[in-house]
Amino acid sequence: MMATGIKDKVVILGMGCSRFGERWEADVEDLIVEAYAECMKDAGIETSQIDAAWLATAKDELHAGKGGLPLSFALRLPNIPVTRVENFCASGSEALRGAVYAVASGACDIALALGVEKLKDTGYGGLPEATRGVLNSMWWANYSAPGAFAQLASAYSAKHRIPAQELKQAMAHVSVKSHENGAKNEKAHLRNLLTEEKVLNAPMVAEPLGTFDCCGVSDGAACAIVTTPEIARSLGKTDLISVKALQLSVSNGVESGFHTWDGSHFLTTRIAGRKAYQEAGITDPRKQISLTEVHDCFSITELVTMEDLALSDEGQAWRDVRDGFFDADGGVPCQIDGGLKCFGHPIGASGLRMTYEIYLQLLGRAGKRQTNNPSMGLIHNLGGAPHQNVCSVAIIGNL
Amino acid sequence: MRGITGFGAYVPRLRLTRGAVAQAHSWNGGRGGKPPAGERAMCNWDEDVITMAVEAARDGLHPLNERGASPDFGSICLASTSLPHADRQNAGIVAMALNLGEQLNTTDMTGSQRAGTSALLGALQADAGPRQHLVIASEHRGTRAGAPHETRFGDGAAAFTLGCDNVIAKLLGSETISLDFVDHFRASEEKYDYYWEERWIRDEGVMKILPRAIQAALANTGLSAQDIDHVILPAPVPQARQKIVAKMGFREEALVASHEGTIGDTGAAHPLLMLAEVLARAKPEQTILLASFGQGSDVIILRTTELIGSVSPRLGLNGAIARRRAVEDYGKYLAFNDLIDRELGMRAEGDPKTALTQLWRRRDLIFGLVGGECRKCNTRQLPRSRYCINPECNALDSQEPFAFPNVPARVVTWSADHLSFTPDPPAYYGLIEFEGGGRMFANFGEIEAGELNVGSAMRMAFRIKEVDRKRNFRRYFWKAIPEAAPQPTTGE
């Protein structure tokens, strides 16, 4: 029997998101409770009605600790199953996938997905240093996230013969646009406006990425409660947002070990995107997708992702970016909430934070950021590095 | 009879100018006046005796590699007084990095400035046999900051293959004198030498011991000083070489240049570096006299065969000297040689403890850069894995070992990372693709700003990957470095 996919089998009953930022005053517990309280108010249920929970954290050694305990302790969950998931920076989307699949399978009526990360306990800026395993650490290059993602730019400009300076300018617009959006968002970490000039003249982090080509680093939590359309209606919900697609594609070494990848794009995003469109029944994403929240860990990541998701033609994303196609008033707004760029990237929380914004937009609850009558939103959440990564593409829309 | 069949050399690309050192120490007893001329070779932060030994050997093995021959080596001897490991065989690491196999005799030769010549002499005198032998001398010489020898010393390595066939230089005779003449010493637990007065070293040491050994070696071979075409003399003290030439009656033009002002004195490796240079230009049937000085003296007299000139290293000593990058920043020298207590930042606080169990299991990958080649689809891949990487193949357990160190590569993607900890920021790394297939996301070494592009030609080099400072353990692995020698950045 062929799999029928996830489309319209599960709806979002409620969502919550903490304020993101340098939350010097907050523990993981505080962040969890902040997101959860908003979510439960939205969902209109009691904790006792949750059958199972999925917790996303990536940097266990930093704060929350391992296992499902941090969530169960923080919310005093009634000894229900809590599964901790970790899949690099796509961990938040993995928590959602676990909860959605549990409901779709019929094993649970109501499930919770919560992602949280407390990054600002390291003593230094940027993402915490990560261990890589005893063998990998012996032969992998000693790379950082900006250094790995910066490689996209060298390959992209070589492949499409775009002068480095022109690409850098288009990348600058990615960040300027996100800050215009993020400035309107009370939950964003960075709410200042940027100019292209400021982005272009910032100190170098990993060539050609300057400081403002990189997303912030912050603390935060976000969560979702999911159930079936029937249960949602029985609880009095009328305006339902359903999951249309949930896809994950994971590198198997081909990009970094075989000769077929040119380094200028994400192999996994193309695969996950294609499958997600198929699952959701989308044939012309540039027209059918109302808006996107993508994994803009770096400006160049967002730029090439527009091509990987078929929202721009191959080699044309830098022009679309420059022409404002992904701006708030453009054809397919991207990072209408400010993105990772303005929220920062508390690893486990990000996928759910993106979903939260699309959810608000679809319900017309996005306030000053509200786009014009959206019906279908895409969430792209990526973990790892361009040459080896995990990529989640989810689509949600009105049922 | 066994003789030399090939030779190679390595000199670190970095050259610390003596002017930079003099400038830094000018407050501290500097003599003023014109800044001193010349420079010394200095190891990069990721180079040591082992990595230089590997590169010198690869330089010398180049002709064999070019012919596709897989020579059978019976022994490898690494001579040095600055070996990084006291109880872990250094020559064994070199042998693994060169993929020489397991069935060979590996030894470290150390303890004296004679170590290099003693290793070479021992290999020349050993019983003949069908297998080849490798002798490498390598030295990374240290002093305290501001010591007189700081600018006089240098780092470098030379390597020789020996065998019975295709001999380019054979042993005519030799002499060894052993005397505990303590011109300097360094106890086992000490980092730096302690030197006695130079005038005494010159008058009572060099000028008395060397002539005796040279005279005896000449007598052993029935040659006179005038018969020697190339005279290789050490330079433990300035001007001693010319005095020996005069005293012994060597032809003045026979004295081989010491490269004191380009490389510096590489200690136990130095006579062998000079020999590598002589072998590159010597004519058939010429005699070479090679002497060392350290607790006595070794003197070796060689004669070239008609095959001299038939083999040449990849770069050789002169090629290595020309591959130069001036360092005017004395602070860099201090930092690279741990002569300054330097702030490394929180990102350097990680614990790179090496799982020795894991290192042992994948020793072919880590030391030999050995990947796999699929028998079914011929796809080369790194590392060697259980399932073939080719999506059209994915065969299980289908890969034969394939060594990548000598395969040229090109840059697919790259960046210069100012965030990651590296002793010499920024950290350059990226994806490279080997000629004939196979890829690696590799650390890059020796990159100068503006030099890298997608498509840049690279070659692999055995280097220190990182140092576990807590346990003083060096992690070695392969890096990609630019193939094309950059133009010198400043004139001499």
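Convention: sequence-line order gives letters A, B, ...; per-chain numbering from 1.
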For this session: Measure the spacing between CE of A/M138 and CZ of B/R362 and express it to the nearest 0.5 Å.
Result: 10.5 Å
Exercise. Out of curiosity, B/L419 CG to A/L209 CG, how far, rounded to the nearest 0.5 Å?
Worked result: 11.0 Å
Exercise. Are there more than 12 heavy atoms of other residues, nucleotides or ligands under 6.0 Å from atom OH of B/Y387?
Worked result: no
Problem set entry | Under 4.5 Å from a heavy atom of chain B, the part of A/S157 involved | neither
Exercise. Looking just at side-chain N and O atoms, do B/S420 and A/N142 make a donor-acceptor pair shorter than 3.5 Å?
Worked result: no
For this session: For B/R363, look at atom CZ and say whether over 12 heavy atoms of other residues, nucleotides or ligands are found less than 6.0 Å away.
Result: yes
For this session: Please state whether the side chain, the backbone, both or neither of B/L359 comes within less than 4.5 Å of a heavy atom of chain A.
Result: both
Problem set entry | B/F421 side chain reached by A/E129 side chain, heavy atoms, under 4.5 Å | no
Exercise. Quick one: what part of B/Y429 sits under 4.5 Å from any heavy atom of chain A, side chain, backbone, both or neither?
Worked result: both
For this session: State the OG1-CG distance between B/T357 and A/L135, to the nearest 0.5 angstrom.
Result: 10.5 Å
Exercise. At a heavy-atom separation under 4.5 Å, does B/P352 approach chain A through its side chain, its backbone, both, or neither?
Worked result: neither
Exercise. Is there side-chain contact between A/W261 and B/R439, with heavy atoms separated by less than 4.5 Å?
Worked result: yes
For this session: Could you check if a side-chain atom of B/M346 sits within less than 4.5 angstrom of a side-chain atom of A/T122, using non-hydrogen atoms only?
Result: no
Exercise. Atom SG of B/C388 and atom CZ of A/F258: how far apart are they, to the nearest 0.5 Å?
Worked result: 7.0 Å
Seminar exercise, completed: Bottom line for B/Q358: the part with an atom under 4.5 Å from chain A's heavy atoms is both
Exercise. Between CH2 of A/W140 and CZ of B/F441, what distance do you get to the nearest 0.5 Å?
Worked result: 10.0 Å
Exercise. Among side-chain atoms of B/R347 and A/S144, is any donor-acceptor pair under 3.5 angstrom?
Worked result: no
Seminar exercise, completed: Applying a strict 4.5 Å limit to non-hydrogen atoms, the region of B/E349 in contact with chain A is neither
Exercise. With A/S256, which of B/L382, B/L431, B/V412, B/T413 fulfils side chain to side chain contact (heavy atoms under 4.5 Å, CB included)?
Worked result: B/L431
Exercise. Can you find a pair of side-chain heavy atoms, one from A/V205 and one from B/H418, that are under 4.5 Å apart?
Worked result: no
Exercise. Which region of A/H387, side chain (C-beta onward) or backbone (N, CA, C, O), has a non-hydrogen atom less than 4.5 Å from a non-hydrogen atom of chain B, or is it both or neither?
Worked result: side chain
Exercise. Looking at B/S415 and A/A150, what are the two nearest heavy atoms and their distance?
Worked result: OG-CB, 3.3 Å
For this session: Give, as side chain, backbone, both or neither, the part of A/E255 having an atom under 4.5 angstrom from any heavy atom of chain B.
Result: backbone
For this session: Select, from B/G438, B/A416, B/A427, B/A355, the one with the greatest count of heavy-atom pairs under 4.5 Å involving chain A.
Result: B/A416
Exercise. With side chains defined as the heavy atoms from C-beta onward, is the minimum distance between A/W139 and B/K465 less than 4.5 Å?
Worked result: no
